[in-house]
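If you're wondering where the values come from, they're calculated on a predicted model, not measured in any experiment. Side-chain atoms are counted along with the backbone in the values below, which use heavy atoms only and exclude waters and symmetry mates.
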Amino acid sequence: QVRLVESGGGLVQPGGSLRLSCAASGSIFSIGAMGWYRQAPGKERELVATITSVGSTNYADSVKGRFTISRDNARNTVYLQMNSLKPEDTAVYYCNAPAQPTRWDPWYNYWGQGTQVTVSS
């Protein structure tokens, strides 16, 4: 099956930057739009950004101008460059992607295990 593994989270001061990575591995016939979501304590999971296989992007209003999503199709990897971080960006960040493990499979929706981002002085 398909596995999504995130990396790059950590503790950063307000105004700082972090870069998250998410690599998809396993049996992958096709992978669709990849995205990042986040969930802060006591809040629902929310969309941060998505990117299609041809590079079309979509961002939450709260991160526009500060975050940039990109992907490497050859490596089935998606990145999230986060600049000008604020304390309210603190959350667990999850990678998401729909994928077909083989050409005979339906599309499944996959999630990574999450990576913690903490913005604090």
Can you find a heavy atom in the side chain of [X] that is under 4.5 Å from one in the side chain of [Y]?
| X | Y | value |
| --- | --- | --- |
| Phe67 | Leu85 | yes |
| Cys22 | Tyr93 | no |
| Asn96 | Trp36 | no |

Looking at [atom1] of [X] and [atom2] of [Y], how far apart are the two atoms once the value is rounded to the nearest 0.5 Å?
| X | Y | atom1 | atom2 | answer |
| --- | --- | --- | --- | --- |
| Gln1 | Ile28 | CD | CD1 | 10.5 Å |
| Asp105 | Gln100 | CG | CD | 7.5 Å |
| Ile51 | Thr57 | CD1 | OG1 | 6.5 Å |

Compare every heavy atom of [Y] with every heavy atom of [X], then report the nearest pair and how far apart it is.
| X | Y | result |
| --- | --- | --- |
| Ala49 | Leu80 | CB-CD1, 4.4 Å |
| Pro106 | Pro101 | O-CD, 4.1 Å |
| Gln116 | Thr90 | NE2-CG2, 4.0 Å |

N/O donor-acceptor pairs under 3.5 Å from side chains in residues 4-20, not counting sequence neighbours:
from: Glu6; atom 1: OE1; to: Gln113; atom 2: N; distance (Å): 3.0
from: Glu6; atom 1: OE1; to: Gln113; atom 2: NE2; distance (Å): 3.3
from: Glu6; atom 1: OE1; to: Gly114; atom 2: N; distance (Å): 2.8
from: Glu6; atom 1: OE2; to: Cys95; atom 2: N; distance (Å): 2.7
from: Glu6; atom 1: OE2; to: Gly114; atom 2: N; distance (Å): 3.2
from: Ser17; atom 1: OG; to: Asn83; atom 2: OD1; distance (Å): 2.9

Give the C-alpha distance, both sets of side-chain angles, the deciding distance and a yes or no for side chain to side chain contact (heavy atoms under 4.5 Å, CB included) between Ile69 and Val78. CA-CA 7 Å; Ile69 190 170; Val78 63; 3.8 Å; yes

Taking atom CD of Glu88 as the centre, does the number of heavy atoms from other residues, nucleotides or ligands within less than 6.0 Å exceed 12?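 Counting other residues, nucleotides and ligands, CD of Glu88 exceeds 12 neighbours.
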
Treating Gln39 as the side-chain partner and Val92 as the backbone partner, does any N or O pair qualify as donor plus acceptor under 3.5 Å? no

Would you mind listing every side chain to side chain donor-acceptor pair (under 3.5 Å) that reaches into residues 60-75, with sequence neighbours excluded?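 Those involving residues 60-75 are Arg38-Ser62, Asp61-Lys64, Arg66-Asp89, Arg71-Asn73, Asp72-Arg75.
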
Mind jotting down which residue pairs meet the side chain to side chain donor-acceptor pair (under 3.5 Å) criterion with at least one end in residues 21-30? Sequence neighbours excluded, please.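 Not a single pair qualifies under side chain to side chain donor-acceptor pair (under 3.5 Å).
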
By side chain to side chain contact (heavy atoms under 4.5 Å, CB included), which residues pair with Ala33, not counting sequence neighbours? Thr52

Suppose we screen for side chain to side chain donor-acceptor pair (under 3.5 Å). Which residues come up paired with Tyr94, at least two apart in sequence or across chains? none

Would you say Tyr59 ends up clustered with Met34 if hydrophobic residues are merged whenever their side chains have heavy atoms under 4.5 Å apart, either directly or through other cluster members? yes

Strictly by ring pair (Phe, Tyr, Trp, His ring centres under 6.0 Å), give each pair with a member in residues 98-121 just once, sequence neighbours left out. Tyr37-Trp111

